[in-house]
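A short worksheet on the structure shown next.
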Amino acid sequence: MAAVRLVHLKTALHRHGGTPSIPPPWTIFRLPNRTFRLFSTSVSPPSKAVVYEEHGQPDAVYKLTELPPVPIKDDDVCVRMLASPINPSDINRIEGVYPVRPAVPAVGGYEGVGEVHSVGSAVKGLFPGDWVIPSPPSSGTWQTYAVKGQNVWHRIDKSTPMEYAATITVNPLTALRMLEDFVDLKPGDAVVQNGATSIVGQCIIQLARVRGIHSINIIRDRAGSEEVKEKLKKLGADQVFTESQLEVKNLKSLLADTPEPALGFNCVGGNAASSVLKFLKNGGTMVTYGGMSKKPITVSTSSFIFKDLSLRGFWLQKWMTSDKAKECRDMIDYLLSLTRSGELKYDMELCPFDEFPTALDKALGKLGSQPKQVIKF
């Protein structure tokens with residue numbers, strides 16, 4: 001039992017950058033002829049957390065653990081977490097295969113939303129009751145209380161639906177940056193993408209629509225594909241094709257009045273990536289941000305020589321570490337405003353923290369196709 005408590009304490013101190021000793025709840029100092037005893041609340045409440053002490057299969061290595069209180073330093077903010085999603089990158093971090101990951105033992109999670117519980121004596125501009133998100137994202141959001149420096153937290157509008165506040169940073173921001181960073185798109189232009197049912201895909205459709213940009217979308221063949229097409233069209237998709245519909249010699253004949261796209265997005269790889277390339281006009285660019293099929297991208301020689309296509313990659317974490325905190329927060333506020341107005345929405349399922357094992361099974365694909373799992377604390 002002592003060893004377990006030491007591990008828990010190490011985890012808590014590691015995630016908050018604490019010191020090996022927690023200050024006593026009171027201190028005594030003396031002035032002439034007087035003694036003062038100050039009772040302090042400068043420690044967090046105990047925190048229930050999803051902890052992994054080694055890398056491996058998430059459902060085999062995680063533990064639901066209670067962590068002890070940790071010190072709240074002068075510039076720290078203690079946040080009671082409200083919600084946090086299970087993203088594919090969270091799973092990859094636990095597996096130990098993601099390029100950037102915290103040292104173990106670690107608390108899972110990377111984005112989320114919480115309510116300020118208490119603040120250190122030097123904190124300005126944040127108050128108990130404020131809603132905040134870690135921006136840029138920060139590891140350790142799968143817990144009931146998180147203590148981090150004031151500079152980590154970004155205050156947001158409390159009228160934002162909680163599940164959107166919890167998930168706004170990773171997927172919607174990826175969609176926005178990819179639309180902005182690679183091709184100078186104008187109203188009336190078009191983009192093409194595979195993986196259109198993913199959250200990034202749904203966001204690309206809606207953010208393109210807001211800017212007057214057409215979207216051509218590719219989905220995999222599956223039962224209920226016609227219903228999926230209608231759903232994406234209600235979000236603003238101009239064209240939606242299953243992969244089997246693209247087995248024709250002249251793909252562009254399927255576009256009708258939609259212009260040839262200058263920009264494409266690939267999160268699948270394999271044949272689905274080849275389909276994106278075939279749609280692109282001369283001089284077009286395909287941006288890869290994922291590889292769900294785990295199959296390589298194959299490009300014909302003629303695509304380079306005669307169409308002069310460009311292949312690029314995008315990784316949000318690299319973009320956010322390039323001193324763009326202010327710009328990042330402005331974009332997040334914009335995206336959150338779209339969720340409040342109903343112009344940006346996507347599928348999610350809220351899951352109580354006590355049912356985390358079920359949410360994890362859904363996120364791992366053990367229970368078939370499921371919406372994004374968002375833990376509610």
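One is the number of the first residue; the rest follow in order along the sequence. The model shown is predicted, which means the values in this text are computed figures rather than measured ones.
Around the NZ atom of Lys345, the shell of radius 6.0 Å holds no more than 12 heavy atoms that belong to other residues, nucleotides or ligands. The number of heavy-atom neighbours closer than 6.0 Å to CG of Asp257, taken from other residues, nucleotides and ligands shown, is 12 or below.
Within the structure, ring pair (Phe, Tyr, Trp, His ring centres under 6.0 Å) contacts touching residues 252-301 (residues at least two apart or in different chains) do not occur. Residue pairs meeting the ring pair (Phe, Tyr, Trp, His ring centres under 6.0 Å) criterion with at least one member in residues 151-175, sequence neighbours excluded, are Tyr164-Tyr346. Within the structure, ring pair (Phe, Tyr, Trp, His ring centres under 6.0 Å) contacts touching residues 187-212 (residues at least two apart or in different chains) do not occur. Pairs passing the side chain to side chain donor-acceptor pair (under 3.5 Å) check and including a residue from residues 269-286, sequence neighbours excluded, do not occur.
A donor-acceptor pair under 3.5 Å links the side-chain atoms of Gln373 to the main chain of Pro371, judged by distance alone. The main-chain N or O of Ile199 is never found under 3.5 Å from a side-chain atom of Asn171 such that the two would form a donor-acceptor pair. Listed for the Glu66 side chain is no donor-acceptor partner under 3.5 Å among the backbone atoms of Lys48. Judged by distance alone, with hydrogens and angles left aside, the side-chain atoms of Lys158 form a donor-acceptor pair with the main-chain N or O of Gly129 at under 3.5 Å. Under a 3.5 Å cut-off, the side chain of Arg155 and the backbone N or O of Gly125 do form a donor-acceptor pair. Listed for the Glu163 side chain is no donor-acceptor partner under 3.5 Å among the backbone atoms of Leu350. Between the side chain of Thr242 and the main chain of Arg220, no donor-acceptor pair closer than 3.5 Å is present. Between the side chain of Arg209 and the main chain of Leu235, a donor-acceptor pair closer than 3.5 Å is present.
Residues passing the side chain to side chain contact (heavy atoms under 4.5 Å, CB included) test with Asp59 are Gln57, Leu360, Leu364, Lys366, sequence neighbours excluded. Take Tyr62 and apply the ring pair (Phe, Tyr, Trp, His ring centres under 6.0 Å) test, not counting sequence neighbours, and it matches Phe356.
The hydrophobic clustering, which links ILVMFWY residues whose side-chain heavy atoms are closer than 4.5 Å, places Ile219 and Met286 apart. The cluster map of Ile, Leu, Val, Met, Phe, Trp and Tyr, joined by side-chain heavy atoms under 4.5 Å apart, puts Ile205 and Ile168 in different clusters. Using a 4.5 Å cut-off between side-chain heavy atoms of Ile, Leu, Val, Met, Phe, Trp and Tyr, with links allowed through other members, Leu254 and Leu280 fall into the same hydrophobic cluster. There is no path of hydrophobic side-chain contacts, each under 4.5 Å, that joins Leu309 to Leu263. No path of Ile, Leu, Val, Met, Phe, Trp and Tyr side chains, each step under 4.5 Å between heavy atoms, connects Phe127 with Val79, placing them in separate hydrophobic clusters.
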**OP:** Start with the C-alpha gap between Trp319 and Glu327, add the side-chain angles, then the distance that decides, and say whether side chain to side chain contact (heavy atoms under 4.5 Å, CB included) holds.
**Re:** CA-CA 11 Å; Trp319 183 88; Glu327 185 179 355; 4.0 Å; yes

Subject >> side chain to side chain contact (heavy atoms under 4.5 Å, CB included) between Met178 and Val200, intermediate numbers included >> reply: CA-CA 10 Å; Met178 292 196 301; Val200 173; 4.0 Å; yes

Subject >> Gln193/Asn217 under side chain to side chain contact (heavy atoms under 4.5 Å, CB included): CA gap, chis, key distance, verdict >> reply: CA-CA 5 Å; Gln193 66 169 336; Asn217 302 273; 2.8 Å; yes

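Taking CD1 of Ile218 as the reference point, atom CD of Gln245 lies at 10.5 Å (rounded to 0.5 Å). With values rounded to the nearest 0.5 angstrom, Lys233 atom NZ is found 10.5 Å from Ser215 atom OG. Distance check: Ile375 CD1 to Glu355 CD gives 11.5 Å after rounding to the nearest 0.5 Å. Atoms CE and CE, from Met348 and Met162 in turn, are 10.0 Å apart once rounded to the nearest 0.5 Å.
The two residues Arg211 and Leu185 come nearest to each other via the heavy atoms NH2-O, 3.4 Å.
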